[in-house]
Novice: 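Questions regarding the structure given below will be posed in turn.
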Amino acid sequence: MPSIKERLQNFLNGDNFVSRLLGKAEEKTGIKKYYLASGSICSLGLYLIFGYGASLVCNLIGFVYPAYVSVKAIESPDKKDDTIWLTYWVVYGVFSVVEFFSDIFLFWFPFYYLGKCCFLLWCMAPFSWNGSQILYDRFIRPFFLKHHRTVDSVVSDLGGQALNTAESVTRGVLHTLTSSRTLLAREGGQQALPSTSHSKEQ
């Protein structure tokens, strides 16, 4: 099984956005891509531990690059990459929901944002064993297959109730507007009658 160093070197030597970006930096600086990547990872890790705005950096890492690659996947004729990034966004959504309830307790830990960043990078890694594929196959997919009929039934019931509520509210609003218009018309007619009689007497 290849080591982490070998996997990183294979990734940097492949055809991807990061490799191309580091290749341009290597041409300008003369520093090899491996050292540029290692230095960038170490700097990012230190910033996530001690720097300000680590939460924003984590969210940008977990959203910007995947969003960019997802748009490219949509525009490409190959549908395999669509499935890969749809899987990532499903995992990212589940993770965001879990984090919403646990963040108040976890963000106090000094290595929380570093761990979160590593988790998101693992989920979007261009490997067959990336985090999103593993988490989806082992946890999300079995849960979905077990409970999706119940969820569909609940969603259908809620949709029907929402539609009935909207219809009732619309009918009530229309009835109120019609009643108000009729009342205003009657009041206007009653106010006009005395003035008409008074003009005839003159």
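In this text, all values refer to a predicted model and were calculated from it rather than measured experimentally.
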Novice: Measure across Ser132 and Cys123 and return the closest heavy-atom pair with its distance rounded to 0.1 Å.
Specialist: OG-O, 2.9 Å

Novice: Kindly give the heavy-atom pair with the smallest separation between Lys33 and Gly23, and that separation in Å.
Specialist: CD-N, 3.6 Å

Novice: Provide the full list of side chain to side chain donor-acceptor pair (under 3.5 Å) pairs with a residue in residues 135-145, sequence neighbours left out, each pair given once.
Specialist: Gln133-Asp137

Novice: Quick one: list whatever passes salt bridge (charged side-chain N to carboxylate O under 4.0 Å, His left out) with Lys79, sequence neighbours left out.
Specialist: Asp82

Novice: What is the minimum heavy-atom distance between Leu22 and Ala37, and which atoms define it?
Specialist: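 Looks like CD1-CB, 3.8 Å.
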
Novice: Is it possible for you to say whether Met124 and Phe63 belong to one hydrophobic cluster, with membership spreading through side-chain heavy-atom contacts below 4.5 Å?
Specialist: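 Per the 4.5 Å side-chain linkage, Met124 and Phe63 are co-clustered.
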
Novice: Check side chain to side chain contact (heavy atoms under 4.5 Å, CB included) between Glu167 and all other residues, then give those that pass, not counting sequence neighbours.
Specialist: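 For Glu167, the residues satisfying side chain to side chain contact (heavy atoms under 4.5 Å, CB included) (neighbours in sequence not counted) are Leu163, Asn164, Arg171.
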
Novice: By salt bridge (charged side-chain N to carboxylate O under 4.0 Å, His left out), which residues pair with Glu26, not counting sequence neighbours?
Specialist: none

Novice: Which pairs count as salt bridge (Lys or Arg N to Asp or Glu O under 4.0 Å) when at least one residue sits in residues 53-70, sequence neighbours excluded?
Specialist: none

Novice: Can you list the other members of the hydrophobic cluster that holds Leu145, where links are side-chain heavy atoms under 4.5 angstrom apart?
Specialist: Phe144

Novice: Partners of Thr29 by side chain to side chain contact (heavy atoms under 4.5 Å, CB included), sequence neighbours excluded?
Specialist: Ile31, Leu36

Novice: Could I get the full list of side chain to side chain donor-acceptor pair (under 3.5 Å) partners for Ser70, not counting sequence neighbours?
Specialist: Trp89

Novice: Do the rings of Trp85 and Tyr88 sit parallel, tilted or perpendicular, given the 30° and 60° boundaries?
Specialist: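 Taking Tyr88 first and then Trp85, their aromatic rings stand perpendicular (interplane angle over 60°).
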
Novice: Listed by chain and number, what are the side chain to side chain contact (heavy atoms under 4.5 Å, CB included) partners of Val57, not counting sequence neighbours?
Specialist: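 Side chain to side chain contact (heavy atoms under 4.5 Å, CB included) check on Val57 returns Leu44, Tyr47, Leu48, Ile61.
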
Novice: With a 3.5 Å cut-off and sequence neighbours excluded, list the donor-acceptor pairs that the side chains of residues 92-99 form with protein atoms.
Specialist:
residue: Ser96; atom: OG; partner: Tyr92; partner atom: O; Å: 2.8
residue: Glu99; atom: OE1; partner: Lys116; partner atom: NZ; Å: 3.4
residue: Glu99; atom: OE2; partner: Tyr112; partner atom: OH; Å: 2.8
residue: Glu99; atom: OE2; partner: Lys116; partner atom: NZ; Å: 2.7

Novice: Excluding sequence neighbours, so at least two apart, what forms side chain to side chain contact (heavy atoms under 4.5 Å, CB included) with Val64?
Specialist: Leu60

Novice: I'd like to know if the side chain of Ser76 pairs up with that of Asp78 as donor and acceptor (distance under 3.5 Å, no hydrogens or angles considered).
Specialist: no

